[in-house]
Amino acid sequence: MLEKALSGSKRYWIWVTLLLAVIAVGLFAYMNQFNNGLGVTGMSRDVSWGLYIAQFTFLVGVAASAVMLVLPYYLHDFKKFGKMVILGEFLAIPAVIMCILFIFVDLGQPMRIMNVILHPSPRSVMFYDMIVLCGYLLINLVVGWTTLGAERKGAPSPKWVKPIIYLSIPWAVSIHTVTAFLYAGLPGRHLWLSAIMAARFLASAFAAGPAILILLCFIVKKVSKFDPDPGVGAIQSLVKIVRYAMIANVFFYILELFTAFYSNIPEYSAPLRYIFFGLDGHTSLVPIMWTATALAFLGIALLVFPTRKNGAALTVGLLSIITANWIDKGMILIVAGFVPNSFERVIEYAPTLNEILVTLGVYAIGALLITILYKVAISVREEKAS
Amino acid sequence: MSINRRQFLRRAGMITALGLGSSFIISGFRKKEVAEAAGFAKAPKDLPAKRWAMVVDMSKFKTEADINGVIEACHKLHNVPKFPNTKDEIKWIWKDDYHHTFAGGHNEYLDDHVLHSPFMVLCNHCENPPCVKACPTQATFQRPDGIVAMDFHRCIGCRFCMGACPFGARSFNFRDPRPFIEGEISPDYPTRTPGVVEKCNFCYERLADGLMPACVEKSNGGLIFGDLDDPNSEVRKIVSTKFTIRRKPELGTQPSVYYLVGGGEDA
């Protein structure tokens, strides 16, 4: 089926070339980092994780969100999602690959990455994260490819794939839970040391992930003859999922704020004070966090009121929710976990240009993979339709 | 004999699986032999202990020079580089004021002298080290004598241990450290490559030679080192009879570095 990605319109090839160019720039930036060490990034002794690990965290959520289509469709026989399930699975695959790449570019000794398998450490959460991520990638590859292949032949999916589909549902929850455990189990990092961390991760994932998927469906509708939602209201059903997940996410965040501020334990509130008001005169994250807060409420409002039926307002609402989640999880949560540091000193972090270019390169690889996979899926559908 | 594409792929797959499988079996056996051979003998002068610990007697550190000499001795011996940019900084043992060392329990009425007097800080070699738990490759591990050690050749540089350590004791080689080592390179301890984490190791290389850690030797009695498990050791006597404090004891990591703040008097 992969050959479908090798033929396309001029616009398709221009897009692919553009992505390849961004990947080349990212690769060049990565070679610079590889040769000169992680000193070319903004990370430091005090803020030892930055943009890369934050992107990893955000994208695990995007990958997990495929379950929001798989679960209603396969467990509740929610037929409306029939045409979109494959798009969800084909979003999960590039998302997991980007996660793995972001871990890889974050390593100081990337050539030793296999040490994680050579010297398995069952006490480390990272060990389990590797297992669940690789497993999730495999599950989605097998399920996506098999169901699409069967559809192409006009045959029902083989029976053996059903249990794997059911397995993918708890597995999707596991990838984000284990990722939350990376942070939530560390003593002395008060922003992360929260029992509700995994729940927050899942809520924000089920808001941002389906929101990205809806936007991708809009693009698919624009650039191809395939309509993932031909008047059946699948997108409006997804919008409801996004809306409630985002409301839950904001609610969970407010719970964190209450515990930290009402208890008045300085260590617990310090990172949150840093994020929202600044600490010891350091305020670099404050405007970004308030932007995210405003966008979160704007997004919810646009999806709650009838504006959700309006194409343009819906797009703005979804973009607001994606951006709010990205700022919260794809930047601030990780960075502010290290601020203030173990000595209650505020040392700030800002990504360098090189770091941003590597990040863009990884995202371009993800976009290229999405393009290829979506091209295959759409071509199969178009072929069936004609 | 002609085979079609499907058959070819199937056979190629089988042969690959067979090859990978048998290489695992062979290397599995070999690994065992290597492990046996590596079971090193005890160094003849090795100082034995069940749990190494350190007491920092604050009354003995009167001037900055007392502290700086100790830091220098350690960093020189272990080839710790000096980076001009604090972002890349590597520290094994350093000083901070009381207020920041014992972050959390801030008492605003404390005397200025106490608040700003310098405290030595280093890896606490916790009894329950969160860094060891976090490490996905066991590059950081706990020795039977309680020392939390690092294997610089196994470390993948993921820095999970730095996130896990509540004491900020770990440094990462963001840049190649070798050009930034000041003076002669010490032959007693290996230099590091970029991309690995490092920290204080309680001078296990000196303990193996029957010597006390470099900082202890240089401290004129300000740092007392010994086996906490031994009821007759000096550290044990101080810890059990005098008032000492530790950094963040509430986290349950059981730090092995104690600070004797009341001077010589009993608690």
Side-chain angles (χ1 to χ4, degrees), chain A residues 33-49 53 103-104 106-130 182-183 185-190 192-193 265-267 270 334 337-338 340-345 347 349, chain B residues 31 83 85-91 96-97 99-106 121 128 130 132-141 151-177 193-197 247-248 250-253:
Chain A
Q33 180 190 305
F34 189 84
N35 291 326
N36 295 308
L38 281 162
V40 304
T41 69
M43 289 182 274
S44 63
R45 193 183 186 284
D46 296 288
V47 184
S48 46
W49 278 340
I53 293 297
I103 294 277
F104 185 81
D106 187 67
L107 293 182
Q109 286 285 343
M111 292 332 220
R112 296 182 189 162
I113 192 166
M114 284 302 161
N115 278 3
V116 179
I117 294 162
L118 281 172
H119 309 289
S121 315
R123 285 177 73 202
S124 174
V125 183
M126 195 92 77
F127 172 73
Y128 296 97
D129 214 35
M130 174 200 68
L182 282 177
Y183 310 108
L186 303 181
R189 303 278 174 205
H190 298 290
W192 299 341
L193 193 72
I265 302 174
E267 292 95 334
I334 304 308
F338 293 101
N341 71 7
S342 317
F343 291 87
E344 284 192 356
R345 284 180 199 280
I347 303 208
Y349 157 89
Chain B
K31 208 171 164 187
F83 285 104
N85 191 344
T86 52
K87 185 172 94 63
D88 305 322
E89 207 173 16
I90 311 269
K91 298 191 271 197
D96 209 324
D97 54 30
H99 168 43
H100 289 97
T101 305
F102 297 95
H106 185 37
V121 275
N128 309 311
V132 169
K133 219 157 66 173
C135 180
T137 62
Q138 292 162 40
T140 278
F141 57 97
D151 181 342
F152 302 123
H153 297 98
R154 191 184 278 191
C155 175
I156 60 172
C158 71
R159 309 188 296 297
F160 197 12
C161 55
M162 295 176 79
C165 175
F167 303 105
R170 294 178 157 265
S171 307
F172 179 74
N173 286 281
F174 281 98
R175 295 185 182 279
D176 186 359
T193 56
V196 297
V197 173
R247 294 180 62 201
K248 303 186 183 177
E250 72 279 6
L251 298 178
T253 67

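These values consider heavy atoms only, across backbone and side chains, with no hydrogens, waters or symmetry-generated copies. Order of the sequence lines fixes the chain letters, A, B, ..., with proteins taken first and strands second; residue numbering starts at 1 for each chain. Everything numeric here is computed off the predicted structure, so don't read it as measured data.
- The structure places CD of A:Gln109 at 11.0 Å from OG1 of B:Thr137, a figure rounded to the nearest 0.5 Å.
- For A:Ile53, no part lies under 4.5 angstrom from a heavy atom of chain B.
- Here CD of A:Glu344 is found 13.0 Å from CZ of B:Phe102. Values are rounded to the nearest 0.5 Å.
- We find the CD-CD distance between A:Glu267 and B:Glu250 to be 7.0 Å, quoted to the nearest 0.5 Å.
- In terms of heavy-atom pairs under 4.5 angstrom with chain A, the leader among B:Cys165, B:Cys155, B:Gly252, B:Pro130 is B:Cys155.
- Options A:Gly37, A:Ser44, A:Gly185 differ in how many heavy-atom pairs under 4.5 Å they form with chain B, and the most are formed by A:Ser44.
- Looking only at heavy-atom pairs under 4.5 Å with chain A, the residue among B:Ala134, B:Cys135, B:Gly163, B:Ala164 that has the most is B:Gly163.
- Evaluation of the salt bridge (charged side-chain N to carboxylate O under 4.0 Å, His left out) rule for B:Lys133 yields no partner, not counting sequence neighbours.
- Residue contact with chain B, scored on non-hydrogen atoms closer than 4.5 Å, involves the backbone and the side chain of A:Pro187 alike.
- How far SG of B:Cys158 is from CH2 of A:Trp49: 6.5 Å, rounded to the nearest 0.5 Å.
- For the pair B:Arg247/A:Phe343, a side-chain contact is recorded, criterion being any heavy-atom separation below 4.5 Å from C-beta on.
- The residue among A:Gly108, A:Pro110, A:Pro122, A:Pro340 with the most heavy atom pairs within less than 4.5 Å of chain B is A:Gly108.
- Using a 4.5 Å cut-off between heavy atoms, A:Asn341 does not touch chain B at all.
- Proximity to chain A is limited to the backbone of B:Ala169, based on heavy atoms less than 4.5 angstrom apart.
- In terms of heavy-atom pairs under 4.5 angstrom with chain A, the leader among B:Leu251, B:Asn85, B:Val132 is B:Leu251.
- Interface remark: A:Leu186 contributes side-chain atoms only to the contact with chain B (heavy atom separation under 4.5 Å).
- With sequence neighbours left out, A:Arg112 forms a side-chain hydrogen bond (donor to acceptor under 3.5 Å, both in side chains) with no residue at all.
- Contacts of A:Met130 with chain B are absent, with no heavy-atom separation under 4.5 Å from either backbone or side chain.
- With respect to chain B, the highest number of heavy-atom pairs below 4.5 Å among A:Leu182, A:Leu38, A:Asn36 belongs to A:Leu38.
- Here the closest non-hydrogen pair linking A:Gly39 and B:Asp88 is CA-OD1, 4.2 Å.
- With a 4.5 angstrom heavy-atom cutoff, A:Pro120 touches chain B only via backbone atoms.
- There is no contact between B:Phe141 and chain A, counting heavy-atom distances below 4.5 Å.
- For the pair A:Leu107 and B:Ile156, the tightest heavy-atom approach, listed with the atom from each and the gap, is CB-O, 3.6 Å.
- Side-chain atoms of A:Arg123 never come within 3.5 Å of backbone atoms of B:Gln138 as a donor-acceptor pair (strictly under, hydrogens ignored).
- When the candidates A:Gly42, A:Pro266, A:Ser124, A:Gly337 are compared by the number of heavy-atom contacts under 4.5 Å with chain B, A:Ser124 comes out ahead.
- The closest side-chain heavy-atom distance from A:Leu118 to B:Arg154 is not below 4.5 Å.
- Of all heavy-atom pairs spanning A:Ser342 and B:Gly168, the tightest one is OG-N, 3.3 Å.
- Shown here for A:Arg45 and B:Ser171, the closest heavy-atom pair between the two residues is NE-OG, 3.0 Å.
- Of the two parts of B:Val197, neither the backbone nor the side chain holds a non-hydrogen atom closer than 4.5 Å to a non-hydrogen atom of chain A.
- To the nearest 0.5 Å, atom OG of residue A:Ser48 and atom CZ of residue B:Phe172 are 9.0 Å apart.
- When heavy atoms are compared at a cutoff of 4.5 Å, A:Arg189 approaches chain B solely by way of its side chain, counted from C-beta outward.
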